[in-house]
Structure formats: structure tokens, C-alpha cells
Amino acid sequence: MSTKERLGRRLIQLYAGLTLYGASSALLVEAGLGLEPWNVLHQGLAELTGLTIGVVSIVVGAAVLLLWIPLRQRPGLGTVSNVFVVGLAMDGTLALVPDARSLAVRVPLLLAGILLNGAATGLYIAARFGPGPRDGLMTGLHRRTGRSIRLMRTAVEAAVVATGFALGGTVGVGTVLYAVSIGPLAQLFLRVFDVPSASGGSTVVATGQPRGAILRP
């Protein structure tokens, strides 16, 4: 595969992954059985402000990106694109998908949302255009404090979930299922969507990111 072809594939993966991430997150919202940590916060803020959850996601992503400055993090194309594409895709999907009232519909929506979110994560990370704003915050805190990424992620996401829940965000079985399944799913799809580098090596972990980090938008 030529350099131009690799770049084209990476760009397609980047924007397909970000769009799919927003769409899959919208399915979790429609399921109403529990959201991923940051969207618990986004939903809570949406309830408080009257804005759509997608718009809130964009605003929060931009605010988190500002926190990169003191952490000396450098955003990539994927980082900046993430701020806008995920939120727009989420709102677009929510506008198209009818409300799900029956549990027989909501459970499949939940499972589909988690599975597609894992696929989106694999697409997006394998493109190697930089981590999402929220994950860059955690890796930046890891470097500045010397604490493990797992500790930083747990601390930040626990605070995010607690705040979002207090504001009216949805926490439930879906939140727990997402937490335990997204890591294995992301690893699986990272292998599926890996773009070989020019030297023939693997690119499934973004350059400069600590080993073993699962980075999500």
C-alpha cells in the first residue's frame, strides 16, 4: 500500500470512526438503560441547560481541550475533529431514530450501541490522528503526576459519572456493561482495522501513547 493510499484509508477510518462513535452513543441514549461515563455528564448538562446532548458534548470537548494547555498536550487532526464530529453525529442520529419505549427494543439498542462503540473506537484509534480530548486529558495527567493511566481514568470518570448523575444523567446496567466490555471490544477492533505502517509495523497504538492505553473519543 502506497503512502497516499495509507493516508486516504486513515482519513476514512478517522471520520467513519468518529461518526459511528456519535451514532452508537445516540443508540445508548435511546436505550435509556445507562450511558458511558462522559455522556452521563453530557446528558445531565443537557437537562440543566436545555441544549441538545450533542451540543453539550461539543462544548465540553472544547473546554477539556483547553485543559491540554497546562498539561502541554499537542492535539492532532483527530483531536480537533472529535470535538465536532461526535456531537453532530449524536444529534443527527437522535433526530432520525424513533423513541424506544419497549424493553424488547431498548435492550437490543443498548447491545448494538456498545458493540458499534467498540468498532468506532477501533476505527478511530487505528487511524493514528491523535487521542480524543477526554483521553488526552487522562494521558496528560498521567505524565504530569506520574500516576497510572488506570488510576487517572478511574478518578476522572468516577467524578464525571457522579456529577452527571447528580444533574440527571442516566446511570444503569448499560453503564456497567459498557465499562466491562469496551476494553476487550476496542482491542479486538484495533486489530481488525489496523493500518500497516510504511515500515510494515503495527499502528494499533497511537505514537507517543503509553502502552496498554485504550483511548476513546
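These numbers come from a predicted model, not from an experiment.
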Expected output: side-chain [X] to main-chain [Y] donor-acceptor under 3.5 Å:
| X | Y | value |
| --- | --- | --- |
| Tyr124 | Leu20 | no |
| Thr19 | Ala16 | no |
| Thr79 | Gly76 | yes |

Are [Y] and [X] connected into the same hydrophobic cluster when the rule is that any two of I, L, V, M, F, W, Y join if their side-chain heavy atoms are below 4.5 Å apart?
| X | Y | value |
| --- | --- | --- |
| Val176 | Val29 | no |
| Leu48 | Val64 | yes |
| Ile12 | Val85 | no |

List the atom of [X], the atom of [Y], and the distance in Å for their closest heavy-atom pair.
| X | Y | value |
| --- | --- | --- |
| Arg9 | Asp194 | NH2-O, 3.0 Å |
| Val161 | Val171 | CG1-CG2, 3.9 Å |
| Gly113 | Ser24 | O-CB, 3.4 Å |
| Gly61 | Pro133 | O-CB, 3.7 Å |
| Leu94 | Glu30 | CD2-OE2, 3.6 Å |
| Leu167 | Glu47 | O-CB, 4.1 Å |

Subject >> Trace of the side-chain contact (heavy atoms from CB on, under 4.5 Å) decision for Ile114 with Ile182 >> reply: CA-CA 7 Å; Ile114 293 174; Ile182 192 61; 5.5 Å; no

**OP:** For Val160, enumerate each residue passing the side-chain contact (heavy atoms from CB on, under 4.5 Å) test, keeping only those at least two apart in sequence or located in another chain.
**Re:**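 Checked Val160 against side-chain contact (heavy atoms from CB on, under 4.5 Å); matches are Trp38, Leu41, Val156.
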
**OP:** Under the side-chain contact (heavy atoms from CB on, under 4.5 Å) rule, collect the residues that match up with Leu11, sequence neighbours excluded.
**Re:**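 For Leu11, the residues satisfying side-chain contact (heavy atoms from CB on, under 4.5 Å) (neighbours in sequence not counted) are Leu7, Tyr15, Leu77, Phe129.
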
Roughly how far apart are [X] [atom1] and [Y] [atom2], rounded to 0.5 Å?
| X | Y | atom1 | atom2 | answer |
| --- | --- | --- | --- | --- |
| Ser148 | Arg153 | OG | CZ | 12.0 Å |
| Arg147 | His142 | CZ | NE2 | 12.5 Å |
| Leu35 | Phe165 | CG | CZ | 12.0 Å |
| Leu28 | Tyr178 | CG | OH | 7.5 Å |
| Ile125 | Leu14 | CD1 | CG | 11.5 Å |
| Met90 | Ile58 | CE | CD1 | 9.0 Å |

Subject >> Worked verdict on Arg191 versus Gln187 for side chain to side chain donor-acceptor pair (under 3.5 Å) >> reply: CA-CA 7 Å; Arg191 296 188 185 96; Gln187 288 287 11; 4.6 Å; no

Original post:
Cluster partners of Leu66, using ILVMFWY side-chain heavy atoms under 4.5 angstrom, listed by chain and number?
Top reply: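 The other cluster members (ILVMFWY side chains, heavy atoms under 4.5 Å, direct or chained) are Ile69.
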
Original post:
Which pairs count as side chain to side chain donor-acceptor pair (under 3.5 Å) when at least one residue sits in residues 161-172, sequence neighbours excluded?
Top reply: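 Sorted pair list: Gln43-Thr170.
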
Original post:
Quick one: are Leu71 and Thr139 in side-chain contact, heavy atoms under 4.5 Å?
Top reply: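 No, every pair of side-chain atoms sits at 4.5 Å or beyond.
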
Quiz: residues 103-110 side-chain donor-acceptor pairs under 3.5 angstrom, not counting sequence neighbours:
| residue | atom | partner | partner atom | Å |
| --- | --- | --- | --- | --- |
| Arg106 | NE | Ala31 | O | 2.7 |
| Arg106 | NH2 | Ala31 | O | 3.4 |
| Arg106 | NH2 | Gly32 | O | 3.3 |

**OP:** Using the side-chain contact (heavy atoms from CB on, under 4.5 Å) rule, take Met152 and Leu137 through it: C-alpha gap first, then chi angles, then the decisive distance, then the call.
**Re:** CA-CA 9 Å; Met152 291 296 96; Leu137 172 64; over 6 Å; no

**OP:** Classify the side-chain pair Thr175/Glu36 by whether it contains a donor and acceptor separated by less than 3.5 Å.
**Re:**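 Judged by distance alone, the side chains do not pair up.
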
Original post:
Can Glu157 and Met138 be said to form a side-chain contact (heavy atoms from CB on, under 4.5 Å), step by step?
Top reply: CA-CA 10 Å; Glu157 293 194 346; Met138 295 173 200; 3.7 Å; yes

Atom pairs and distances, side-chain donor-acceptor, residues 49-57, under 3.5 Å, sequence neighbours left out:
| residue | atom | partner | partner atom | Å |
| --- | --- | --- | --- | --- |
| Thr49 | OG1 | Leu45 | O | 2.8 |
| Thr49 | OG1 | Leu51 | N | 3.2 |
| Thr52 | OG1 | Val55 | N | 3.1 |
| Thr52 | OG1 | Asp91 | OD1 | 3.4 |
| Thr52 | OG1 | Asp91 | OD2 | 2.5 |

